[in-house]
Number of protein chains: 2
Amino acid sequence: MQPTPSPDSADQPSDLFAYAVLLRTLNRELNRSTLDFAHENGLHATDIHALSVIMDSSAGGDAPVTPTRLREELGLTSGAVTACLDRLERSGHVSRVRDSADRRVVHVVYNSEARALAREYFSPLARATETARAKFTPAELTTVAAFLHALNTELAAERQG
Amino acid sequence: MQPTPSPDSADQPSDLFAYAVLLRTLNRELNRSTLDFAHENGLHATDIHALSVIMDSSAGGDAPVTPTRLREELGLTSGAVTACLDRLERSGHVSRVRDSADRRVVHVVYNSEARALAREYFSPLARATETARAKFTPAELTTVAAFLHALNTELAAERQG
DNA sequence: ATAAGATTGTTCAATTATTGAGATACATTC
DNA sequence: GAATGTATCTCAATAATTGAACAATCTTAT
(Lines give C-alpha, C1' and ligand atoms only; values in the text may rest on other atoms or scores of the structure.)
Protein backbone atom coordinates (compact mmCIF):
# COMPACT_ATOMS: atom_id res chain seq x y z
CA MET A 1 0.00 0.00 0.00
CA GLN A 2 1.20 3.50 -0.78
CA PRO A 3 -1.71 5.46 0.55
CA THR A 4 -0.67 8.60 2.31
CA PRO A 5 2.31 10.90 1.95
CA SER A 6 4.88 11.46 4.71
CA PRO A 7 3.95 8.64 7.09
CA ASP A 8 6.67 9.30 9.65
CA SER A 9 6.52 13.06 10.09
CA ALA A 10 3.48 14.11 12.08
CA ASP A 11 2.71 16.87 9.63
CA GLN A 12 -0.72 17.89 10.81
CA PRO A 13 -1.80 20.14 7.91
CA SER A 14 -0.76 17.78 5.17
CA ASP A 15 -2.30 14.82 6.98
CA LEU A 16 -5.52 16.72 7.27
CA PHE A 17 -5.31 17.65 3.63
CA ALA A 18 -4.64 14.04 2.69
CA TYR A 19 -7.72 13.05 4.64
CA ALA A 20 -9.83 15.65 2.86
CA VAL A 21 -8.74 14.29 -0.50
CA LEU A 22 -9.42 10.72 0.60
CA LEU A 23 -12.88 11.63 1.81
CA ARG A 24 -13.82 13.64 -1.23
CA THR A 25 -12.55 10.90 -3.49
CA LEU A 26 -14.66 8.42 -1.57
CA ASN A 27 -17.60 10.77 -1.92
CA ARG A 28 -17.18 10.91 -5.68
CA GLU A 29 -16.76 7.16 -5.98
CA LEU A 30 -19.95 6.57 -4.05
CA ASN A 31 -21.80 9.16 -6.08
CA ARG A 32 -20.65 7.58 -9.28
CA SER A 33 -21.64 4.13 -8.16
CA THR A 34 -25.03 5.54 -7.27
CA LEU A 35 -25.37 7.33 -10.56
CA ASP A 36 -24.38 4.33 -12.65
CA PHE A 37 -27.04 2.33 -10.90
CA ALA A 38 -29.56 5.10 -11.47
CA HIS A 39 -28.88 5.21 -15.19
CA GLU A 40 -29.13 1.45 -15.52
CA ASN A 41 -32.56 1.57 -13.95
CA GLY A 42 -33.95 4.57 -15.77
CA LEU A 43 -33.88 6.71 -12.67
CA HIS A 44 -32.35 10.11 -12.06
CA ALA A 45 -29.78 11.21 -9.54
CA THR A 46 -32.32 12.91 -7.31
CA ASP A 47 -34.56 9.85 -7.23
CA ILE A 48 -31.75 7.56 -6.15
CA HIS A 49 -30.58 9.90 -3.45
CA ALA A 50 -34.12 9.99 -2.18
CA LEU A 51 -34.24 6.20 -2.25
CA SER A 52 -30.99 6.10 -0.32
CA VAL A 53 -32.47 8.23 2.42
CA ILE A 54 -35.60 6.11 2.53
CA MET A 55 -33.59 2.87 2.57
CA ASP A 56 -31.23 3.74 5.38
CA SER A 57 -33.97 5.37 7.34
CA SER A 58 -36.15 2.29 7.39
CA ALA A 59 -33.08 0.18 8.17
CA GLY A 60 -31.89 2.33 11.03
CA GLY A 61 -35.16 2.52 12.88
CA ASP A 62 -35.17 6.29 12.42
CA ALA A 63 -38.22 8.45 12.28
CA PRO A 64 -40.26 7.70 9.16
CA VAL A 65 -39.36 9.63 6.05
CA THR A 66 -41.58 12.55 5.16
CA PRO A 67 -41.43 15.00 2.25
CA THR A 68 -40.10 17.65 4.63
CA ARG A 69 -37.30 15.37 5.77
CA LEU A 70 -36.42 14.65 2.14
CA ARG A 71 -36.47 18.36 1.39
CA GLU A 72 -33.87 18.98 4.09
CA GLU A 73 -31.83 15.92 3.29
CA LEU A 74 -31.70 16.48 -0.46
CA GLY A 75 -31.58 20.26 -0.40
CA LEU A 76 -34.56 20.56 -2.73
CA THR A 77 -37.59 22.80 -2.61
CA SER A 78 -40.94 21.39 -1.62
CA GLY A 79 -42.19 21.40 -5.19
CA ALA A 80 -39.22 19.39 -6.37
CA VAL A 81 -39.76 16.82 -3.62
CA THR A 82 -43.37 16.41 -4.65
CA ALA A 83 -42.25 15.85 -8.24
CA CYS A 84 -39.57 13.39 -7.12
CA LEU A 85 -42.05 11.39 -5.04
CA ASP A 86 -44.49 11.44 -7.95
CA ARG A 87 -41.83 9.81 -10.10
CA LEU A 88 -40.89 7.25 -7.48
CA GLU A 89 -44.51 6.42 -6.82
CA ARG A 90 -45.34 6.18 -10.51
CA SER A 91 -42.41 3.77 -11.02
CA GLY A 92 -43.62 1.68 -8.10
CA HIS A 93 -40.72 2.13 -5.69
CA VAL A 94 -42.49 3.92 -2.89
CA SER A 95 -45.96 4.71 -1.62
CA ARG A 96 -47.36 7.71 0.17
CA VAL A 97 -49.28 6.93 3.33
CA ARG A 98 -51.09 9.56 5.38
CA ASP A 99 -50.13 9.58 9.02
CA SER A 100 -53.13 8.77 11.17
CA ALA A 101 -52.01 10.96 14.06
CA ASP A 102 -51.22 14.11 12.09
CA ARG A 103 -53.14 13.99 8.88
CA ARG A 104 -51.10 16.72 7.24
CA VAL A 105 -48.09 14.43 7.30
CA VAL A 106 -47.23 11.95 4.58
CA HIS A 107 -45.07 8.90 5.29
CA VAL A 108 -42.96 7.66 2.42
CA VAL A 109 -42.78 3.88 2.58
CA TYR A 110 -40.60 1.56 0.60
CA ASN A 111 -42.57 -0.93 -1.45
CA SER A 112 -41.59 -4.52 -0.92
CA GLU A 113 -41.30 -5.02 -4.69
CA ALA A 114 -38.46 -2.50 -4.67
CA ARG A 115 -36.30 -4.41 -2.20
CA ALA A 116 -34.72 -6.48 -4.92
CA LEU A 117 -33.66 -3.24 -6.54
CA ALA A 118 -32.24 -2.09 -3.23
CA ARG A 119 -30.17 -5.24 -2.88
CA GLU A 120 -28.87 -4.74 -6.38
CA TYR A 121 -27.98 -1.18 -5.52
CA PHE A 122 -26.17 -2.36 -2.42
CA SER A 123 -24.16 -5.02 -4.14
CA PRO A 124 -21.32 -3.11 -5.86
CA LEU A 125 -20.68 -1.12 -2.72
CA ALA A 126 -20.91 -4.26 -0.62
CA ARG A 127 -18.48 -6.12 -2.87
CA ALA A 128 -15.90 -3.33 -2.80
CA THR A 129 -16.29 -2.87 0.93
CA GLU A 130 -15.86 -6.58 1.52
CA THR A 131 -12.64 -6.70 -0.49
CA ALA A 132 -11.24 -3.69 1.31
CA ARG A 133 -12.26 -5.09 4.68
CA ALA A 134 -10.48 -8.35 4.01
CA LYS A 135 -7.15 -6.53 4.16
CA PHE A 136 -7.56 -5.45 7.77
CA THR A 137 -7.76 -7.14 11.13
CA PRO A 138 -10.97 -7.12 13.18
CA ALA A 139 -9.40 -4.67 15.61
CA GLU A 140 -8.44 -2.33 12.80
CA LEU A 141 -11.92 -2.55 11.32
CA THR A 142 -13.40 -1.60 14.65
CA THR A 143 -11.19 1.47 14.67
CA VAL A 144 -12.26 2.41 11.16
CA ALA A 145 -15.92 2.02 12.01
CA ALA A 146 -15.44 4.16 15.11
CA PHE A 147 -13.79 6.84 13.02
CA LEU A 148 -16.52 6.82 10.39
CA HIS A 149 -19.11 7.09 13.10
CA ALA A 150 -17.27 9.98 14.75
CA LEU A 151 -16.92 11.77 11.44
CA ASN A 152 -20.59 11.36 10.61
CA THR A 153 -21.46 12.75 14.02
CA GLU A 154 -19.19 15.76 13.52
CA LEU A 155 -20.53 16.44 10.04
CA ALA A 156 -24.08 16.27 11.32
CA ALA A 157 -23.15 18.67 14.12
CA GLU A 158 -21.42 20.99 11.68
CA ARG A 159 -24.55 21.67 9.70
CA GLN A 160 -26.55 22.61 12.76
CA GLY A 161 -24.04 25.00 14.28
CA MET B 1 -29.60 -7.96 4.52
CA GLN B 2 -31.32 -7.96 7.85
CA PRO B 3 -29.45 -6.24 10.65
CA THR B 4 -30.45 -9.10 12.88
CA PRO B 5 -27.28 -10.38 14.55
CA SER B 6 -26.84 -14.08 14.98
CA PRO B 7 -24.32 -14.69 17.76
CA ASP B 8 -23.48 -18.22 16.69
CA SER B 9 -22.68 -17.61 13.03
CA ALA B 10 -20.06 -15.18 11.88
CA ASP B 11 -20.77 -11.50 12.38
CA GLN B 12 -19.47 -10.89 8.90
CA PRO B 13 -22.76 -10.06 7.16
CA SER B 14 -24.07 -7.74 9.83
CA ASP B 15 -20.70 -6.01 10.10
CA LEU B 16 -20.72 -5.50 6.39
CA PHE B 17 -24.21 -4.11 6.61
CA ALA B 18 -23.16 -1.74 9.37
CA TYR B 19 -20.29 -0.57 7.20
CA ALA B 20 -22.60 0.04 4.26
CA VAL B 21 -24.85 2.21 6.38
CA LEU B 22 -21.86 4.12 7.77
CA LEU B 23 -20.53 4.75 4.29
CA ARG B 24 -23.82 5.79 2.79
CA THR B 25 -24.48 8.07 5.73
CA LEU B 26 -21.07 9.62 5.20
CA ASN B 27 -21.89 9.98 1.52
CA ARG B 28 -25.09 11.82 2.31
CA GLU B 29 -23.42 14.07 4.87
CA LEU B 30 -20.74 15.05 2.39
CA ASN B 31 -23.30 15.63 -0.33
CA ARG B 32 -25.31 17.83 1.96
CA SER B 33 -22.29 19.82 3.00
CA THR B 34 -21.50 20.26 -0.66
CA LEU B 35 -25.03 21.29 -1.48
CA ASP B 36 -25.28 23.80 1.34
CA PHE B 37 -22.14 25.42 0.11
CA ALA B 38 -23.46 25.43 -3.44
CA HIS B 39 -26.66 27.18 -2.43
CA GLU B 40 -24.79 29.78 -0.41
CA ASN B 41 -22.73 30.64 -3.46
CA GLY B 42 -25.46 30.63 -6.05
CA LEU B 43 -24.17 27.47 -7.66
CA HIS B 44 -25.91 24.22 -8.46
CA ALA B 45 -25.13 20.68 -7.38
CA THR B 46 -23.63 19.73 -10.71
CA ASP B 47 -21.33 22.74 -10.76
CA ILE B 48 -19.94 21.98 -7.33
CA HIS B 49 -19.37 18.35 -8.11
CA ALA B 50 -17.48 19.46 -11.18
CA LEU B 51 -15.43 21.86 -9.07
CA SER B 52 -14.68 19.03 -6.66
CA VAL B 53 -13.25 16.94 -9.47
CA ILE B 54 -11.20 19.85 -10.76
CA MET B 55 -9.93 20.70 -7.28
CA ASP B 56 -8.75 17.25 -6.30
CA SER B 57 -7.38 16.57 -9.70
CA SER B 58 -5.08 19.57 -9.66
CA ALA B 59 -4.13 18.73 -6.09
CA GLY B 60 -3.32 15.10 -6.76
CA GLY B 61 -1.09 15.64 -9.77
CA ASP B 62 -3.51 13.65 -11.88
CA ALA B 63 -4.04 14.07 -15.55
CA PRO B 64 -5.58 17.46 -16.31
CA VAL B 65 -9.35 17.64 -16.29
CA THR B 66 -11.07 17.60 -19.66
CA PRO B 67 -14.77 17.76 -20.56
CA THR B 68 -14.66 14.06 -21.37
CA ARG B 69 -13.25 13.25 -17.95
CA LEU B 70 -15.97 15.34 -16.34
CA ARG B 71 -18.58 13.59 -18.44
CA GLU B 72 -17.43 10.22 -17.09
CA GLU B 73 -16.94 11.43 -13.56
CA LEU B 74 -20.27 13.21 -13.26
CA GLY B 75 -22.30 10.84 -15.39
CA LEU B 76 -23.54 13.61 -17.65
CA THR B 77 -23.87 13.86 -21.41
CA SER B 78 -21.46 15.98 -23.39
CA GLY B 79 -24.02 18.71 -23.87
CA ALA B 80 -24.62 18.96 -20.15
CA VAL B 81 -20.89 19.19 -19.47
CA THR B 82 -20.57 22.00 -21.97
CA ALA B 83 -23.40 23.85 -20.24
CA CYS B 84 -21.86 23.22 -16.82
CA LEU B 85 -18.47 24.54 -17.94
CA ASP B 86 -20.17 27.54 -19.52
CA ARG B 87 -21.70 28.36 -16.15
CA LEU B 88 -18.45 27.86 -14.26
CA GLU B 89 -16.54 29.92 -16.77
CA ARG B 90 -19.12 32.69 -16.78
CA SER B 91 -18.98 32.87 -12.98
CA GLY B 92 -15.20 33.06 -13.13
CA HIS B 93 -14.30 29.79 -11.40
CA VAL B 94 -12.55 28.02 -14.24
CA SER B 95 -11.07 28.67 -17.64
CA ARG B 96 -10.90 26.56 -20.76
CA VAL B 97 -7.46 26.19 -22.27
CA ARG B 98 -6.77 24.38 -25.51
CA ASP B 99 -4.16 21.68 -25.26
CA SER B 100 -1.20 22.48 -27.47
CA ALA B 101 -0.39 18.85 -28.21
CA ASP B 102 -3.90 17.71 -29.15
CA ARG B 103 -5.86 20.74 -30.20
CA ARG B 104 -9.19 19.00 -29.95
CA VAL B 105 -8.70 18.69 -26.22
CA VAL B 106 -9.75 21.33 -23.71
CA HIS B 107 -8.08 21.58 -20.31
CA VAL B 108 -10.24 22.91 -17.53
CA VAL B 109 -8.10 24.97 -15.20
CA TYR B 110 -9.00 26.37 -11.83
CA ASN B 111 -8.74 30.14 -11.68
CA SER B 112 -6.61 31.47 -8.86
CA GLU B 113 -9.42 33.83 -7.85
CA ALA B 114 -11.53 30.79 -7.07
CA ARG B 115 -9.09 29.28 -4.61
CA ALA B 116 -10.48 31.32 -1.75
CA LEU B 117 -13.85 29.82 -2.54
CA ALA B 118 -12.28 26.39 -2.53
CA ARG B 119 -10.79 26.93 0.90
CA GLU B 120 -14.16 28.06 2.14
CA TYR B 121 -15.68 24.95 0.69
CA PHE B 122 -13.06 22.84 2.38
CA SER B 123 -13.47 24.40 5.77
CA PRO B 124 -16.60 22.71 7.21
CA LEU B 125 -15.31 19.34 6.10
CA ALA B 126 -11.86 20.16 7.44
CA ARG B 127 -13.26 21.28 10.78
CA ALA B 128 -15.36 18.15 11.22
CA THR B 129 -12.51 15.93 10.10
CA GLU B 130 -10.12 17.60 12.50
CA THR B 131 -12.46 17.12 15.43
CA ALA B 132 -13.00 13.49 14.57
CA ARG B 133 -9.29 12.92 14.06
CA ALA B 134 -8.48 14.37 17.47
CA LYS B 135 -10.16 11.37 19.06
CA PHE B 136 -7.74 8.85 17.58
CA THR B 137 -4.06 8.05 17.90
CA PRO B 138 -1.65 8.61 14.99
CA ALA B 139 -1.38 4.85 14.50
CA GLU B 140 -5.15 4.52 14.33
CA LEU B 141 -5.38 7.39 11.89
CA THR B 142 -2.85 5.71 9.65
CA THR B 143 -5.03 2.61 9.66
CA VAL B 144 -8.12 4.63 8.79
CA ALA B 145 -6.32 6.37 5.93
CA ALA B 146 -5.12 3.03 4.63
CA PHE B 147 -8.65 1.68 4.72
CA LEU B 148 -10.09 4.68 2.92
CA HIS B 149 -7.43 4.36 0.30
CA ALA B 150 -8.12 0.65 -0.12
CA LEU B 151 -11.84 1.27 -0.38
CA ASN B 152 -11.38 3.98 -2.99
CA THR B 153 -9.20 1.64 -4.98
CA GLU B 154 -11.80 -1.12 -4.82
CA LEU B 155 -14.63 1.20 -5.79
CA ALA B 156 -12.64 2.46 -8.73
CA ALA B 157 -11.91 -1.11 -9.77
CA GLU B 158 -15.56 -2.05 -9.37
CA ARG B 159 -16.72 0.37 -12.01
CA GLN B 160 -14.27 -0.91 -14.58
CA GLY B 161 -15.03 -4.60 -14.14
C1' DA C 1 -65.40 27.04 21.25
C1' DT C 2 -63.34 29.80 17.99
C1' DA C 3 -60.20 32.60 15.56
C1' DA C 4 -55.40 33.46 14.42
C1' DG C 5 -51.19 31.41 13.31
C1' DA C 6 -48.05 27.82 12.18
C1' DT C 7 -47.04 23.54 9.67
C1' DT C 8 -47.40 19.95 5.89
C1' DG C 9 -47.76 18.98 1.45
C1' DT C 10 -49.49 20.06 -3.26
C1' DT C 11 -50.28 22.74 -7.66
C1' DC C 12 -48.74 25.36 -11.50
C1' DA C 13 -46.42 28.66 -14.49
C1' DA C 14 -41.74 30.31 -15.31
C1' DT C 15 -37.07 29.20 -15.27
C1' DT C 16 -33.26 26.27 -15.80
C1' DA C 17 -30.74 22.01 -16.56
C1' DT C 18 -30.22 17.93 -19.28
C1' DT C 19 -30.71 15.02 -23.12
C1' DG C 20 -29.81 13.33 -27.71
C1' DA C 21 -28.78 13.95 -32.31
C1' DG C 22 -26.19 16.34 -35.23
C1' DA C 23 -22.02 19.42 -36.64
C1' DT C 24 -17.11 20.87 -36.47
C1' DA C 25 -12.33 20.53 -35.96
C1' DC C 26 -8.57 17.87 -35.18
C1' DA C 27 -5.93 13.39 -34.97
C1' DT C 28 -4.76 8.79 -36.46
C1' DT C 29 -4.64 4.88 -39.52
C1' DC C 30 -4.56 2.50 -43.75
C1' DG D 1 -4.77 11.69 -48.72
C1' DA D 2 -9.09 9.63 -48.00
C1' DA D 3 -11.32 7.23 -44.24
C1' DT D 4 -12.14 6.49 -39.65
C1' DG D 5 -12.02 7.81 -34.88
C1' DT D 6 -11.92 11.25 -31.15
C1' DA D 7 -13.04 15.65 -28.40
C1' DT D 8 -15.91 19.18 -28.02
C1' DC D 9 -19.63 22.14 -29.13
C1' DT D 10 -24.49 23.54 -30.89
C1' DC D 11 -29.32 23.50 -30.50
C1' DA D 12 -34.10 22.05 -30.32
C1' DA D 13 -36.84 19.00 -27.40
C1' DT D 14 -37.56 17.18 -22.98
C1' DA D 15 -37.48 16.99 -18.15
C1' DA D 16 -36.38 18.78 -13.58
C1' DT D 17 -36.44 22.59 -10.35
C1' DT D 18 -37.84 26.86 -8.51
C1' DG D 19 -40.87 30.05 -6.19
C1' DA D 20 -45.12 31.66 -4.99
C1' DA D 21 -49.83 30.79 -4.06
C1' DC D 22 -53.02 27.40 -2.11
C1' DA D 23 -55.72 23.89 0.69
C1' DA D 24 -55.81 21.04 4.61
C1' DT D 25 -54.65 20.16 9.19
C1' DC D 26 -52.80 20.97 13.75
C1' DT D 27 -51.76 24.30 17.77
C1' DT D 28 -52.32 27.98 20.78
C1' DA D 29 -54.44 31.76 23.00
C1' DT D 30 -58.32 33.94 24.27
Side-chain angles (χ1 to χ4, degrees), chain A residues 31-32 34-36 38-54 57 63-91 93-109, chain B residues 31-32 34-54 57 62-91 93-109:
Chain A
N31 282 340
R32 262 252 281 159
T34 298
L35 220 79
D36 288 350
H39 286 156
E40 284 166 16
N41 288 83
L43 292 170
H44 292 266
T46 300
D47 304 324
I48 291 282
H49 280 129
L51 275 183
S52 163
V53 173
I54 297 163
S57 206
V65 177
T66 65
T68 298
R69 169 107 184 277
L70 279 175
R71 186 172 63 72
E72 291 165 356
E73 204 86 36
L74 302 177
L76 295 174
T77 58
S78 58
V81 170
T82 297
C84 171
L85 288 177
D86 285 347
R87 292 193 298 268
L88 286 176
E89 203 170 32
R90 201 179 319 128
S91 59
H93 291 104
V94 306
S95 300
R96 284 189 250 223
V97 179
R98 284 261 166 221
D99 186 14
S100 51
D102 186 338
R103 288 164 50 72
R104 294 168 303 179
V105 175
V106 162
H107 290 337
V108 182
V109 301
Chain B
N31 282 340
R32 263 250 281 157
T34 298
L35 221 80
D36 288 350
F37 175 75
H39 287 155
E40 283 167 16
N41 289 83
L43 293 170
H44 292 265
T46 299
D47 304 325
I48 292 281
H49 280 128
L51 274 184
S52 163
V53 173
I54 297 163
S57 206
D62 281 1
V65 177
T66 64
T68 298
R69 170 105 185 278
L70 279 175
R71 186 172 63 72
E72 291 165 356
E73 203 88 35
L74 302 177
L76 294 174
T77 58
S78 59
V81 170
T82 297
C84 171
L85 287 178
D86 285 347
R87 292 192 298 269
L88 286 176
E89 205 170 31
R90 202 180 319 127
S91 59
H93 291 103
V94 306
S95 300
R96 285 188 250 223
V97 179
R98 283 262 166 222
D99 187 13
S100 51
D102 187 339
R103 288 165 53 71
R104 295 168 303 179
V105 175
V106 163
H107 289 339
V108 182
V109 301

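Every chain is numbered from 1 and lettered A, B, ... according to where its sequence line falls, protein lines coming before strand lines.
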Enquirer: In whole angstrom, what separates Asp99(B)'s CG from dC26(C)'s P?
Expert: 13 Å

Enquirer: dG9(C), OP1 or OP2 - any side-chain N/O from Thr68(A) closer than 4.0 Å?
Expert: yes

Enquirer: Quick check on DNA chain D: between Val106(B) and Ala80(B), whose nearest nucleotide comes earlier from the 5' end?
Expert: Val106(B)

Enquirer: On a heavy-atom basis, which atom in His39(A) and which in Gly75(B) lie closest, and how many Å separate them?
Expert: CE1-O, 3.1 Å

Enquirer: From dA7(D), dG19(D), dT7(C), pick the nucleotide closest to the side chain of Thr77(A)?
Expert: dG19(D)

Enquirer: Could you tell me the separation between the CG atom of Leu43(A) and the P atom of dT18(C), rounded to a whole number of Å?
Expert: 17 Å

Enquirer: Can you tell me how far P of dA16(D) sits from CG of Leu74(A), to the nearest Å?
Expert: 15 Å

Enquirer: If only side-chain N and O atoms count, and only distance matters, is there a donor-acceptor pair under 3.5 Å linking Thr46(A) with Arg87(A)?
Expert: no

Enquirer: Phosphate oxygens OP1/OP2 of dT16(C): is one of them under 4.0 Å from a side-chain N or O of His44(B)?
Expert: no

Enquirer: Rounding to an integer number of Å, can you tell me how far Leu88(B) CG sits from dT8(D) P?
Expert: 15 Å

Enquirer: Answer yes or no: does a side-chain N or O of Arg103(A) lie under 4.0 Å from OP1 or OP2 of dT8(C)?
Expert: no

Enquirer: Taking only the side-chain nitrogens and oxygens of Arg96(A), find out if one of them lies under 4.0 Å from OP1 or OP2 of dT8(C).
Expert: no

Enquirer: Roughly how far apart are Glu72(A) CD and Arg32(B) CZ, rounded to 0.5 Å?
Expert: 7.0 Å

Enquirer: Between Thr46(B) and dT18(C), does any side-chain N or O lie under 4.0 Å from OP1 or OP2?
Expert: yes

Enquirer: Rounding to a whole Å, what distance do you find between Leu70(A):CG and dT8(C):C1'?
Expert: 13 Å

Enquirer: I want to verify a distance call: between dA27(C), dC9(D), dT17(D), whose nearest atom is closest to the Leu76(A) side chain?
Expert: dT17(D)

Enquirer: With respect to His93(B), which candidate in Asp47(B), Leu43(B), Ile48(B), Asn41(B) satisfies the side chain to side chain contact (heavy atoms under 4.5 Å, CB included) definition?
Expert: Leu43(B)

Enquirer: Between dT10(C), dT8(C), dT18(C), which nucleotide has the shortest distance from any of its atoms to the side chain of Ser78(A)?
Expert: dT10(C)

Enquirer: Does Arg104(B) get its side chain close enough to the base of dT8(D), under 3.5 Å, for a donor-acceptor pair?
Expert: no

Enquirer: In this structure, how many angstroms lie between the C1' atom of dG9(C) and the CZ atom of Arg69(A), rounded?
Expert: 17 Å

Enquirer: Looking for any heavy atom pair under 4.0 Å, which part of the strands does Ala101(A) touch: base, sugar-phosphate only, or nothing?
Expert: sugar-phosphate

Enquirer: Rounding to a whole Å, what distance do you find between Asp86(B):CG and dC11(D):P?
Expert: 11 Å

Enquirer: Arg71(A) side chain N/O closer than 4.0 Å to the phosphate oxygens (OP1, OP2) of dG9(C)?
Expert: no

Enquirer: Please give, in whole Å, the distance from dA25(C) C1' to Asp102(B) CG?
Expert: 11 Å

Enquirer: Please determine which of Leu88(A), Val109(A), Leu85(A) meets the side chain to side chain contact (heavy atoms under 4.5 Å, CB included) test together with Ser95(A).
Expert: Val109(A)

